[in-house]
Amino acid sequence: MCGIIGYVGTDRSDAADVLLHGLSQLEYRGYDSAGIALADGRLDVHKRQGELSALENALAGAEIGNKTTGIGHTRWSTHGPPSDRNAHPHTDAENRVAVVHNGIIENYQKLRDELTAEGVEFRSETDTEVIPHLIAGYLEDGLDHEAAFRAAIDRLEGSYAVAAVFAGSETVYAARHESPLVLGIADDGTYLASDVPAFIEFTDRVIYLEDGEFARLEGDEISVTDSEGRLVETSIETIEWDPEDAGKSGYDHYMRKEINEQPSALRDCFRGRLDELSGRVTLEEFDGFELTPPVTFVACGTSYHAALFGAQLFREWGVPAHAYLASEFEAEAMPIDADSVVVGVTQSGETADTLRALREASAAGATTVAVTNVVGSSAARETDRVLYIRAGPEISVAATKTFASQQAALTMLAAALSDHRSRELVQELRAVPDRIQSVLDEDAAREVASTYADAGAYFFIGRGYHYPVALEGALKMKEITYKHAEGFAAGELKHGPLALVTEQTPVFAIVTGDGRRAEKTIGNVKEVEARGTPVVAVTDGRSEVGRYADHVLEVPPAGEITSSMVANVQLQRVAYWTAHELGRSIDKPRNLAKSVTVE
Ligand code: F6R
């Protein structure tokens, strides 16, 4: 779990600036340490524990000269704690080669023992450090740079996106296996990175490297070869992301920007997919798709909450469906076979648990589907069908707009595949962006956040479609405020969690409409209120829940499915303003990373 970047300049010699800019766009992948290696006659390596700013400060006083070529890294620790020593790039003893790596080398201990026996002294606790030492060994055997790089990569087991530079050379070598790597071609040189925002400011022309492929960046030339060294014919794609989209656009935090982007993200998600006249949802990605129930969802974290929501929709429309936490999914222990449909819900498309579950399902013969935000991600490329949620880049570690877009995409998927036609649903979906905008335009969530910023814990309850939203409200609260928060199915409170509620623990109850579910949840709210616990109702005002609540967060009246999308935005805002009040690191909460590429 890290971000890597590489650059070979033709018309410019400010490689350090290009690398630092790229790393600033990749920090969402980890921020335990950052480093760069600049190549020239010799290798210049600079690295620092902590966020990128620590490295930038160190470089401000350093003599780095004009360099055209280099690699960089921003780290999320897996082997060895965050430290200067464990920061990438890693080099061999003679400083002939520098390497950056994203992923996990599974056989690193064996390789390390072997290298140690040969007299190599390791300077870090990382798995990555075996790579420069292996390369150095092959150089000593007489191989040239490229051959030594390939020979070292051949020895690795596990997942990796690796880039290397050599002293006395202006070429960057790269390879990938189960970790993302994209190449960029610009007028002023060639780039590689874990993700497009790292270089989108300089070029929108990209090549996605496939598993098992190698790349060589030399001046304005990129050559891609397969594991046998044969040249691979690549296709250059044009990316439509605007560099502005990857910036904060004047907001204090990406999270706030991304919460506020939800109306436009949802409009993009719905574009061309909803037909109001017939009440049909048309997903051209699923033309000719034969649905064989049941539908099995696999996902993690926020995406799992969206998957719970999606599974419920399928069931409501007559298709048996179930959502699993991807880390708990084992195709062998489940009735997964050639008739199964397994849907991975993953914003990044790179979450290791979800990818493993999808791969197992695929190996069992199942038809696999990815619901993802990232074009060209591993999930998108490895599954039989892909539904893009079209939310645009999400930088803040806490997922917000992608959850809304997942809910929207899964609603459309369930309607399309179950052939559920409803003009009312289509009209409601179209109205969601405006309804969310009305929530964004008022301040009630901020006031509630300020009232309860000192609370001991936060509880969230909901029924039906509001249950996944209760779970999501709690996850958002805990990850960015570092305070205890839990979501419950409203009816479960009385089976245990009620023992936790006190005057110091506000309970957020999501209650919309005036039907049976609303009535029952109000019963649970009364149980809470009777114990002197503050209640915050997220409601459309159609039930009497407001009578039992200390605060009301309003959502415009709508059906339960789309109300849950809007109610969630109120909870995102409460979490955001609570974290703001507490002075937390909102976009980069401690111990977390945007994309979790380890199991
Ligand atoms: C929470 C959050 C995580 C992710 C989870 C899965 O705000 O973002 O819980 O939802 O790590 O990530 P993806 O969707 O990329 O598979």
Side-chain angles (χ1 to χ4, degrees), residues 1 3 28-30 76 178-180 194-195 253-256 258-259 262 265 297-310 323-329 342-359 368-380 382-383 386-410 460 468-469 471-482 485 487 568-569 571-576 579 584-599:
M1 166 89 56
Y28 73 91
R29 302 179 66 85
W76 186 74
E178 295 182 358
S179 291
S194 303
D195 199 358
H253 301 100
Y254 281 112
M255 183 178 177
R256 178 133 185 254
E258 288 156 6
I259 288 173
Q262 289 178 110
F297 287 91
V298 290
C300 305
T302 290
S303 295
Y304 171 67
H305 301 152
L308 282 174
F309 176 82
Y324 289 93
L325 288 165
S327 56
E328 291 292 317
F329 177 88
V342 177
V343 182
V345 185
T346 166
Q347 182 282 127
S348 62
E350 301 295 347
T351 298
D353 288 317
T354 308
L355 289 178
R356 184 205 44 82
L358 285 169
R359 284 171 189 150
T368 53
V369 174
V371 177
T372 187
N373 192 29
V374 181
V375 178
S377 60
S378 301
E382 292 178 20
T383 46
V386 186
L387 179 60
Y388 288 113
I389 64 170
R390 303 180 185 161
E394 187 177 70
I395 307 295
S396 178
V397 165
T400 52
K401 64 174 177 172
T402 54
F403 179 70
S405 298
Q406 285 170 338
Q407 285 182 303
L410 290 170
F460 297 80
V469 171
L471 297 179
E472 177 58 12
L475 178 60
K476 224 69 323 169
M477 185 65 105
K478 70 182 96 172
E479 70 178 323
I480 62 166
T481 67
Y482 313 156
N568 185 60
V569 177
L571 300 182
Q572 290 171 345
R573 281 161 57 85
V574 174
Y576 174 83
R584 302 295 192 233
S585 167
I586 293 182
D587 282 335
K588 295 178 196 163
R590 69 187 179 202
N591 305 335
L592 300 180
K594 182 70 181 162
S595 174
V596 185
T597 54
V598 290
E599 284 180 39

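Keep in mind it's a predicted model, so treat the numbers as computed, not measured. Note that ligands are numbered from 1 as they come in the structure, with each ligand's atoms numbered from 1 the same way. Here, residue 1 is the first one in the sequence, and each next residue gets the next number.
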Heavy atom of the protein closest to atom 13 (P) of ligand 1 (residue, atom name, distance): Thr351 OG1, 3.2 Å
Atoms of ligand 1, numbered as shown, that sit under 4.0 Å from any heavy atom of Val397: 7 (O), 8 (O)
Lys588 (side chain) donor-acceptor with Val397 (main chain) under 3.5 angstrom: no
Protein heavy atom at shortest distance from atom 7 (O) of ligand 1: Glu479 OE2, 2.4 Å
4.5 Å side-chain heavy-atom contact, Leu410 and Phe297: yes
Within-cut-off N or O pair, Ala399 and ligand 1, under 3.5 Å: yes
Heavy-atom nearest neighbour in the protein, as seen from atom 11 (O) of ligand 1, with distance rounded to 0.1 Å: Val596 CG2, 4.1 Å
Per-atom contacts of ligand 1 with Ala398, taking only distances under 4.0 Å to non-hydrogen atoms: 7 (O)
Atom 14 (O) of ligand 1: the protein heavy-atom neighbour that sits closest, reported with distance to 0.1 Å: Ser303 OG, 2.5 Å
Which residue and heavy atom of the protein sit nearest atom 15 (O) of ligand 1, plus the separation: Ser348 OG, 2.6 Å
Side-chain heavy atoms of Leu592 within contact of Glu479, under 4.5 Å: yes
Result of checking Lys476, Gln262, Glu472 against Gln572 for side chain to side chain donor-acceptor pair (under 3.5 Å): Gln262
Lys476 contact mode with ligand 1 (heavy-atom cut-off under 4.0 Å): side chain
Nearest-neighbour protein heavy atom for atom 6 (C) of ligand 1, which is reported as residue plus atom name and distance: Cys300 O, 3.4 Å
Heavy-atom check, side chain of Val298 versus side chain of Val342, under 4.5 Å: yes
Proximity of Thr402 to ligand 1 by residue part, where a heavy atom lies under 4.0 Å: neither
Whether Thr372 side chain and Thr346 backbone form a donor-acceptor pair below 3.5 Å: yes
Contact partition for Lys594 relative to ligand 1, non-hydrogen atoms under 4.0 Å: neither
Distance-only N or O hit between ligand 1 and Gln406, under 3.5 Å: no
Nearest-neighbour protein heavy atom for atom 2 (C) of ligand 1, which is reported as residue plus atom name and distance: Thr302 OG1, 3.7 Å
Residue that, paired with Gln347, satisfies side chain to side chain donor-acceptor pair (under 3.5 Å) out of Asn373, Thr402, Thr354: Asn373
Stepwise side chain to side chain contact (heavy atoms under 4.5 Å, CB included) test for His305 and Leu475: CA-CA 10 Å; His305 301 152; Leu475 178 60; 3.7 Å; yes
Proximity flag Asp353 to ligand 1, non-hydrogen atoms under 4.0 Å: no
Ligand 1 N/O within reach of Thr354 N/O, cut-off under 3.5 Å: no
Ser378 versus Glu350, side-chain donor and acceptor atoms under 3.5 Å: yes
Electrostatic pair Lys401:Glu394 at N-O distance under 4.0 angstrom: no
